[in-house]
Amino acid sequence: MTTDLDSGTNTPLADANPRRVVAVDAVVRNLQLPSGPRRFDVLNPATGDVVAAVPDADPAEALDAVTLAEAAGRDWAARTPRHRADILRRWYDLIVEHAEDIALLITREMGKPLAEARGEVTYGSDFVRWYAEETVRPGGTVRDVPAGGGTLLTRRAPVGLSVLITPWNFPLAMATRKIAPALAAGCPVVIKPAALTPLTTYYAVNLARRAGVPDDLIQIVSTTNASGFSEAVLPDPRVRKVSFTGSTGVGKVLLRLAADNVLRSSMELGGNAPLLVFDDADLERAVDGAYAAKMRNGGQSCIAANRIYVQDGIADAFVEGLTEKMAAALVGDGLADNVALGPLIDGRAVTSMRQLVDNAVGHGATVRTGGHTLAGAGHFFPATVLDHVPATADISSSEIFGPIAAIQRFRTEAEAVRRANATEFGLAGYVFTDNLDRALNVADALETGLVGINQGVPSNAAAPFGGMKQSGLGREGSAEGLDEYQEVRFYNIARRGTH
Ligand code: NAD
């Protein structure tokens, strides 16, 4: 265990468990990474060390990937749903079989604690199982023309070649949440993983091939030239769909590119989730839920609780409870024992945390725990609680993407809802109350695509995840997630003898 020298506190930084280091080294050695003339390094955010080097594709190579995927896609679309389902199911089984290796790899390239990486493997693999099950469900409908004289038959067809662009924060789940429904629908894919975390995508797609997915059907394009990729690929007439998860700013750039080619577009963008705790909430459940909603993935989640609003009557007890829990979070390498908070993804993220804290304090917020920089080669920042954060502080309007709980207080339900909705984002919201009417009324009033009621981890493969307002377009997961990769067509069959 090393000690934090920089801040003058004794916050411990836990070191990786040596057994796990040996295990993850073996996983990295056995990665079957493609060769390529140019390569870039993937770094371990806990140490800054190089994990592996992957191909750095240029725009021409991205277009080659489109050619290969498109050719493989014709045969795939013609296979039966049952055939596709069986292959997806085998892919799911292989992910489960290799769950520990994948979790180790996620932690190595992204930093999250191993226990959370295991959770991501469960969550990420669930999308593959769900779509293996979903693809054999009937998708069409039969209706009579209301005025008579015909029957309307609706059919579903694969939308076509799909370009998938994923972020670094959930390297497996963000990939499977897109690849599985695309394959289930019969679409070929070109996926560009985040340059910070491409290794998990390579690993998972290798398993998909072992499961029977045709070699060329999923093309991975790892690149440091993200804009070169999208500017080459999205205007290509063979591409029919773009699905993006990432920041709202980049999403808008991609939507503009998609407009010229009229691409079906799914956008899972940034969030600024409000979490509301009412006086009548169960205190323990509210503290645990807020902790989970804030600290999962070190706060680097699009649905992380960004603005925590607490009603006056419960506020002091809540702040005390959350502070105690946050202060106890052991910070360190994601492969350390009992670690609750890994490194942030890079140095810029640490700088951003510092600036948000300083700005909030400058506006009158009080630091209850954390707030200082931690020493070490990795990008660490401690779990931090800020109380009495004013709405004017930067932290109240920006996506924090780190382990800072920013607490504001409120008096009435109407005031809480008004303040919660005072943002251009609308991805997730949270409500803690033991009053069922209030829970549902407030959930209805929140302008967000999903609401956690008395719980901090609402996502599920069976649920239609997605945002309102500038948090996105479309849904991922559930039956709705398959719709995103399908065209609905209709045949109007003329009939004699009907009215
Ligand atoms: P980002 O927008 O910087 O990057 C996301 C992906 O887009 C990466 O693969 C990146 O290389 C790529 N990219 C960047 N510029 C591009 C361009 N011009 N053309 C093509 N690709 C480009 O986001 P990030 O920092 O990786 O992820 C964090 C953001 O993602 C946060 O805003 C978070 O809220 C959001 N997010 C949203 C969801 C959701 O489901 N709504 C889920 C996870 C993360």
Side-chain angles (χ1 to χ4, degrees), residues 40 42 45 54 56-57 59 62 109-112 120 123-124 127 163-178 190-198 200-201 220-235 239 242-258 263 265-273 296-306 344-346 348-349 352 398-402 423-429 448-450 458-461 463-477 481 484:
F40 66 91
V42 179
V54 297
D56 193 358
E109 68 172 342
M110 186 271 154
K112 70 183 71 179
E120 183 182 341
Y123 175 55
F127 290 102
V163 172
L164 315 178
I165 302 174
T166 52
W168 49 265
N169 57 349
F170 291 90
L172 179 72
M174 296 302 99
T176 53
R177 198 160 83 166
K178 295 183 192 303
V190 173
I191 180 166
K192 192 202 83 56
L196 292 162
T197 58
T200 305
T201 305
I220 303 176
V221 180
S222 50
T223 180
T224 52
N225 183 359
S227 55
F229 168 84
S230 51
E231 282 158 18
V233 162
L234 296 191
V239 172
V242 58
S243 176
F244 170 72
T245 297
S247 56
T248 297
V250 172
K252 289 178 184 177
V253 170
L254 297 178
L255 279 172
R256 286 187 198 107
L257 278 171
L263 295 181
S265 303
S266 303
M267 296 281 142
E268 299 284 353
L269 307 177
N272 181 4
R296 179 160 163 261
N297 225 32
Q300 302 167 114
S301 151
C302 51
I303 61 168
N306 215 54
L344 298 184
I345 190 69
D346 57 19
R348 269 192 318 165
S352 163
S398 31
E399 189 177 24
I400 301 171
F401 241 59
T423 167
E424 69 271 28
F425 296 105
L427 186 55
T448 60
L450 54 130
S459 303
N460 192 289
F465 187 103
M468 292 163 64
K469 294 160 67 177
Q470 292 199 21
S471 285
L473 299 171
R475 295 293 180 265
E476 290 190 319
E484 303 278 322

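In listed order, ligands and their atoms are each counted from 1.
A donor-acceptor pair is defined here as one N or O able to donate and one able to accept, closer than 3.5 Å; such a pair exists between the side chain of Thr248 and the backbone of Gln470. A donor-acceptor contact shorter than 3.5 Å is absent between the side chain of Lys192 and the backbone of Ala226.
Here atom 19 (N) of ligand 1 lies nearest to Ser230 when heavy atoms of Ser230, Gly472, Ala349 are compared. Here atom 31 (C) of ligand 1 lies nearest to Glu399 when heavy atoms of Glu399, Met174, Glu476 are compared. Closest heavy-atom approach to atom 14 (C) of ligand 1 within the set Val250, Val253, Val163, Ile191: this belongs to Val250.
Closest approach of Ser398 and Asn306 over heavy atoms only: O-ND2, 2.6 Å. Of all heavy-atom pairs between Val163 and Val233, the closest is CG2-CG1, 3.4 Å. Looking at every heavy atom in both residues, Met267 comes nearest to Val242 through CE-CG1, 4.2 Å. For Ala175 against Thr201, the heavy-atom pair with the smallest separation is CB-OG1, 4.4 Å. Between Ala195 and Thr223, the shortest heavy-atom contact is CB-O, 3.6 Å. Smallest separation of non-hydrogen atoms from Ala194 and Pro167: CB-C, 3.6 Å.
Close approach of ligand 1 to Leu254 is summarised as follows: ligand atoms under 4.0 Å from at least one heavy atom of the residue are 19 (N), 20 (C). Each of the atoms 40 (O) of ligand 1 lies under 4.0 Å from some heavy atom of Arg177. If you number the atoms of ligand 1 from 1 as listed, the ones under 4.0 Å from a heavy atom of Leu427 come out as 41 (N). Interface of Thr245 with ligand 1, defined as ligand atoms under 4.0 Å from a residue heavy atom, comprises 5 (C), 36 (N), 37 (C), 38 (C), 39 (C), 40 (O), 42 (C), 43 (C), 44 (C). The distance from ligand 1 to the heavy atoms of Phe401 drops below 4.0 Å at these ligand atoms: 28 (C), 31 (C), 33 (C), 34 (O).
Contacts between Phe229 and ligand 1, counted as non-hydrogen atom pairs separated by less than 4.0 Å, are absent for every part of the residue.
Counting protein heavy atoms only, atom 7 (O) of ligand 1 is closest to Phe244 CE1, 3.1 Å. Among all protein heavy atoms, the one lying closest to atom 23 (O) of ligand 1 is Ser247 N, 3.5 Å. Atom 35 (C) of ligand 1 has as its closest protein heavy atom Gly246 O, 3.2 Å. For atom 38 (C) of ligand 1, the closest non-hydrogen atom of the protein is Cys302 SG, 2.9 Å. With respect to atom 10 (C) of ligand 1, the closest heavy atom belonging to the protein is Lys192 NZ, 3.8 Å. Scanning all protein heavy atoms for the shortest distance to atom 6 (C) of ligand 1 gives Thr166 O, 3.5 Å. When only non-hydrogen protein atoms are considered, atom 24 (P) of ligand 1 lies nearest to Trp168 NE1, 3.3 Å. Atom 22 (C) of ligand 1 has its closest protein heavy atom at Ala226 CB, 3.4 Å.
Within the structure, the closest approach of Phe170 to ligand 1 does not fall below 4.0 Å when heavy atoms are considered. Under a 4.0 Å heavy-atom criterion, Gly271 is in contact with ligand 1.
In summary, the side chains of Thr245 and Lys178 do present a donor paired with an acceptor at a separation below 3.5 Å, with no hydrogens or angles considered. With hydrogens and angles left out, the side-chain atoms of Ser266 and Glu484 include a donor and acceptor closer than 3.5 Å. Side-chain polar atoms of Lys112 and Gln300 form no donor-acceptor pair below 3.5 angstrom.
Considering only heavy atoms from C-beta on, Pro193 stays 4.5 Å or farther from Met174 through its side chain. Residues Cys302 and Phe465 have side chains in contact (heavy-atom distance under 4.5 Å, counting atoms from C-beta outward).
Taking any N or O of Leu269, backbone or side chain, at least one lies under 3.5 Å from an N or O belonging to ligand 1.
Less than 4.0 angstrom separates atom 26 (O) of ligand 1 from at least one non-hydrogen atom of the protein.
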